[in-house]
Amino acid sequence: SQTIHQWPATLVQPVGSPLSLECTVEGTSNPNLYWYRQAAGRGLQLLFYSVGIGQISSEVPQNLSASRPQDRQFILSSKKLLLSDSGFYLCAHNRDPGELFFGEGSRLTVL
Amino acid sequence: KQEVTQIPAALSVPEGENLVLNCSFTDSAIYNLQWFRQDPGKGLTSLLLIQSSQREQTSGRLNASLDKSSGRSTLYIAASQPGDSATYLCAVHTSGGSYIPTFGRGTSLIVHP
């Protein structure tokens, strides 16, 4: 069966510090991978999606970046966090254009 | 550009009621529509996936219908329970080459005893 893991689950970081959130998918190959952010009281915002290794599309210009070093690994990064980067980050995967599955999320608080 | 709207934004009902949550979309050329549940502080859990060729899908007390021509889907929850309290989101995969699903903003449901 397919599973998706995200870590860390919770993160508290000072402004200006770096960020690395990881997402790993098991039980499937060549998935589409997505990073979403969910800010308090707001809907899901798509940040990045990837259809293959090294193929990253950005939906929102910002100080975040994403990488896909392996087929089932998706990493969200920042060199310098802003207060506005606080939120709930969700990784998801599917096979085109099939059922979408989400991880448990990573709660980021920037102080 | 596909737009997905969910009405109502919030709903509070007593236990035992049958509920209908609505999802509407502007572009009827879709591959599928998916309903999710999200508990506070958690990820999204897939409830039902309806392919564009299907009219409805059922899982336990949940029934989702799809009317592509009118751009609407409904999620019916029978005999609601306090454990059904959560936010319910729908997402649409639109035909035409994009891999990206479009989400509604969700309906926040509270079922009180």
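Quick note on labels: first sequence line is chain A, next is B, and so on, each numbered from 1. Being a predicted model, the structure only gives us computed values, none of them experimental.
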So for A:Gln38, is it side chain, backbone, both, or neither that comes closer than 4.5 Å to the heavy atoms of chain B?
side chain
Between B:Cys90 and B:Leu75, does a side-chain contact (heavy atoms from CB on, under 4.5 Å) hold up when you go through it step by step?
CA-CA 9 Å; B:Cys90 68; B:Leu75 179 67; over 6 Å; no
Looking only at non-hydrogen atoms, find the nearest pair between B:Gln2 and B:Thr26 and report the distance.
OE1-N, 2.9 Å
Hey, could you give me the CH2/OG1 distance between B:Trp35 and B:Thr45, rounded to the nearest 0.5 Å?
15.0 Å
In sequence, state the C-alpha distance, the side-chain angles, and the governing distance for A:Trp35 and A:Leu64, and then conclude on side-chain contact (heavy atoms from CB on, under 4.5 Å).
CA-CA 11 Å; A:Trp35 277 112; A:Leu64 299 173; over 6 Å; no
With a 4.5 angstrom heavy-atom cut-off, could you sort out which part of B:Leu49 is near chain A: side chain, backbone, both or neither?
side chain
I'd like to know if the side chain of A:Gln70 and the backbone of A:Thr24 have a donor-acceptor N/O pair within less than 3.5 Å.
no
Which atoms form the tightest heavy-atom contact between A:Tyr49 and A:Glu59, and what is the distance?
CE2-OE2, 3.3 Å
Which members of residues 99-111 of chain A, sorted by number, sit under 4.5 angstrom from chain B on a heavy-atom basis?
A:Glu99, A:Leu100, A:Phe102, A:Gly103, A:Glu104, A:Arg107
Quick one: CG on B:Asn18 to CZ on B:Arg61, what's the gap to the nearest 0.5 Å?
10.0 Å
Of all the residues in residues 102-113 of chain B, which have a heavy atom that comes within less than 4.5 Å of a heavy atom in chain A?
B:Phe103, B:Arg105
A:Ile53 side, atom CD1; A:Arg72 side, atom CZ - distance, nearest 0.5 Å:
10.0 Å
Is B:Gln38 in contact with chain A via its backbone, its side chain, both, or neither, using a 4.5 Å heavy-atom distance?
side chain
Between A:Leu81 and A:Pro18, the two heavy atoms sitting closest are CD1-O, 4.0 Å
Would you say the side-chain atoms of B:Asn63 and B:Ser65 include a donor-acceptor pair closer than 3.5 Å?
no
Could you state the interatomic distance from CD (B:Gln51) to CD (B:Gln34), rounded to the nearest 0.5 Å?
9.5 Å
